Amino acid sequence: MNKLLVALLTLLLPLPALAAGGVVSSADPRASAAGQEMLRAGGTAADAEMAMMLALTVVEPQSSGIGGGGLIVYHEAKTGRIATVDGRETAPAAARPERFLGPDGKPLPFIQAFPGGLSVGVPGNIRLAARVHQRWGRLPWARLFQPAIRLAEGYQVSRTMATYLKVVAPLWKDFPQARALFWENGAPKRAGATVRNTELATLLRKLAAGGPDAFYSGDTARAIVAATRTARRNPSDMTLADLSAYRAKDRPAVCAPYRQYRVCGMGPPSSGATTILQMLGMLERFDMKALGPNNATSWHLIGEAMQLAYADREKWLGDSDFVSVPVTGLIDRRYLARRSALISPTTSLPNYEAGTPPGAQARTAAISSEVAGTTHFVAVDAQGNVATMTSTVEGLFGSQIVANGMVLNNELTDFTFAPVLNGAPVANAVAGGKRPLSSMSPTIVYDKAGRVILAVGSAGGKRIIMHVMKTLVGVLDWGLPAQQAIALPNIYFGGQALLVEQGTKLDAMRPALAALGETVVSADLGSKLNAIERTPTGWRGAADPRSEGLALSE
């Protein structure tokens, strides 16, 4: 998306929501309205967050839903505590390390691996929702489903969904249930066309009445298992026992100081918090505020820290229930000082290799196959409870399988396909019951007084981490409102090059970055960020101008 279009979208979007009470922000106005409805009914941030997750299941099926999983970070206003719940999908018990290897023993091409049943993990979002509601909800469970049920009875295809329907259309010759729901007259529905997902409405009513067990057992569980095991492409080995055994897990938040702030996020199986905190730790010795957002050196430093942190991510991160993950060592200040010492403000490193953090065990670096997708939403209520959640079905329309009206995820392709490289084990290898590594990065920032000042997250596959990272630098170092920080150019890397968002101020800095030794490539790095922030006059929401997102006040 070019610079002019981003600027125009910024002007055309409604002003960020500002309120003395609660605020919500999501990637779809209809989901934001669902969250607003819960707040106005007296619900907590948890109630609003779960209502948005359910609504997004309906109106944004290309990105997230109850057929997938999510991660949530929650701040309790009364106690000041921070908590996280892991609703990441799990591999069936029968899954083996060679799941995504071909007959020749080599990793399958991603395009062969993800469509169909083999890539589907046991969905986690409904167990997550039940856990969140049990701990922090105030409204009745069934109340959270009402906006989603209304939407499922009839909603209009968004511009974004219409675009993505065209992208996946060639895959759907093997997925008649998806075609029946999202096509008309032999072609993908266009923007503005109506979708009536009556099967999903029925399922949502069943879950509203029966609770989470109505998802993980009985007819719904049987439908999920049947859809995956009888898929025309890559039939699965999922069983009813896999669904009944699924649990959402409370995890300790991963937090570290950055200047006068405290930044917190999800630990494994998320790589979000450790990778973000590593980058911030490496940047802390540089005067980012003085350099500012319009200086190529700022982005050069971010790019160097990024590539060093991602090298560690690929080597050391995985599901900590299955492999030893040196979380404490990765964010150890002395270790980060050594990593930061590798960074020069005047030149680029010739290569970016993983370090050896304290507590690390022998391991091989390996690249996972996580692709762009996902969604994010945030909420704060009048009492100051704050929720930030990222939810996903992985790629566009997940596995392409639809069961009971819901899109099932392809999360298992987030595992590293090769279980062993160079004779050493890979942290993110497939295993039965294991959760694949994720880049989802729901983040909360506290000031030196211990008050929440920002909650943020994004969609975008592995780029999620960088979308959140540049927003944090924009707010914490450059003093920008969240809306402006979200609109900052995006940056990533690939193919031995630094990737900069095309048509932006950062794109114009390519010659200056090249002078620092970078190979710089202009790329489409669209994002879908959502945030809430504390201001002197109340909470304010923000949504990415590159998306259809919207923030609403209570």
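Model, not experiment: these values are computed from the prediction.
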So L118 and L412, do their side chains get closer than 4.5 Å, heavy atoms only? no
Working for side-chain contact (heavy atoms from CB on, under 4.5 Å), residues M469 and L280: CA-CA 8 Å; M469 171 64 182; L280 292 174; 3.8 Å; yes
What one should report as the nearest heavy-atom pair of M38 and A51 is CG-CB, 3.4 Å
query = Do R99 and D237 sit within salt-bridge range, that is, some charged N less than 4.0 Å from a carboxylate O?
reply = yes
ask   = Does A403 offer a backbone N or O that forms a donor-acceptor pair with the side chain of Q177 under 3.5 Å?
value = no
Closest non-hydrogen atoms of S32 and L550, given as atom of the first, atom of the second and distance, are OG-O, 2.6 Å
Note: R30 and Q156 closest approach over all heavy atoms is NH1-O, 2.6 Å
- Message: For the backbone of M53 and the side chain of T57, can you confirm whether one donor and one acceptor N or O come within less than 3.5 Å of each other?
- Response: yes
Value for CD1 (I66) from CG (N409), rounded to nearest 0.5 Å, stands at 12.0 Å
Decide, yes or no, whether a salt bridge links D321 with K434 under the criterion of side-chain N to carboxylate O below 4.0 Å.
no
Heavy-atom nearest pair, V120 first then P92, reads O-CD, 4.3 Å
- Item | Note, C264 side chain near H75 side chain (heavy atom, < 4.5 Å) | no
So, do L529 and V456 sit near enough that their side-chain heavy atoms are less than 4.5 Å apart? yes
Practice problem: Verify, without hydrogens or angle tests, whether N385 (side chain) and A45 (backbone) share a donor-acceptor contact under 3.5 angstrom. | Solution: no
Exercise for the section: Hey, can you tell me if H133 and W141 have their rings parallel, tilted or perpendicular (30° and 60° cut-offs)? Expected result: perpendicular
For this session: Take H376 and S458 through the side-chain hydrogen bond (donor to acceptor under 3.5 Å, both in side chains) test and state the conclusion after the steps.
Result: CA-CA 5 Å; H376 191 83; S458 183; over 6 Å; no
Looking only at heavy atoms, the pair that brings R96 and V430 closest together is O-CG1, 3.4 Å
When you check the gap from the basic side-chain N to the acidic O, do R131 and D250 get nearer than 4.0 Å?
yes
Smallest heavy-atom separation, F417 atom then P107 atom, equals CB-CB, 3.7 Å
| Below 4.0 angstrom, N of the basic side chain to O of the carboxylate: do R138 and D381 qualify? | no
Go through the steps to decide whether T275 and D312 satisfy the test side-chain hydrogen bond (donor to acceptor under 3.5 Å, both in side chains), and finish with yes or no.
CA-CA 8 Å; T275 310; D312 275 355; over 6 Å; no
Practice item. Report yes or no: is the cationic atom of R127 (NZ for Lys, CZ for Arg) under 6.0 Å from the centre of the six-membered ring of Y246, at an angle within 45° of the ring normal? Key: no
| request: Taking the six-membered ring for Trp and the full ring for Phe, Tyr or His, determine whether the centres of Y164 and F182 are under 6.0 Å apart. | output: no
query = Can you check whether S25 reaches M52 side chain to side chain, under 4.5 Å on heavy atoms?
reply = no
TODO: Show your reasoning for whether side-chain hydrogen bond (donor to acceptor under 3.5 Å, both in side chains) applies to S63 and K528.
DONE: CA-CA 11 Å; S63 297; K528 200 166 66 174; 3.2 Å; yes
- Output yes when a side-chain donor or acceptor of S236 lies under 3.5 Å from a complementary backbone atom of T228, and no otherwise. no
Report task. Taking the six-membered ring for Trp and the full ring for Phe, Tyr or His, determine whether the centres of Y492 and H467 are under 6.0 Å apart. Result -> no
CG of N428 to CG of L437, rounded to nearest 0.5 Å, is 4.5 Å
Between T84 and I72 (side chain of the first, backbone of the second, donor and acceptor by atom type, cut-off under 3.5 Å), is there such a pair? no
Can we say R81 and E76 salt-bridge, meaning some charged N sits less than 4.0 Å from an Asp/Glu carboxylate O?
yes
Going by heavy atoms in the side chains, are F397 and N410 under 4.5 Å from each other? no
Charged N-O contact under 4.0 Å between R88 and E411 = yes
Can you find a side-chain donor-acceptor pair between R233 and S399 that sits under 3.5 Å?
-> no
Are the side chains of T194 and R196 in touch, meaning some heavy atoms are under 4.5 Å apart? yes
| said: With no hydrogens and no angle check, just 3.5 Å: does a side-chain donor-acceptor pair link D544 and S527? | reply: yes
For this session: Walk me through it: do S439 and R313 pass the test side-chain hydrogen bond (donor to acceptor under 3.5 Å, both in side chains)?
Result: CA-CA 10 Å; S439 294; R313 175 197 184 274; 2.9 Å; yes
Between the CG atom in L139 and the CD atom in E37, the distance rounded to the nearest 0.5 Å is 9.5 Å
Side chains of V445 and L472: closer than 4.5 Å at any heavy-atom pair? yes
- prompt: Do T375 and S64 have side-chain N/O donor and acceptor atoms under 3.5 Å apart?
  reply: no
- Query: Less than 4.5 Å apart, any side-chain heavy atom of V323 and any of L317?
  - Reply: no
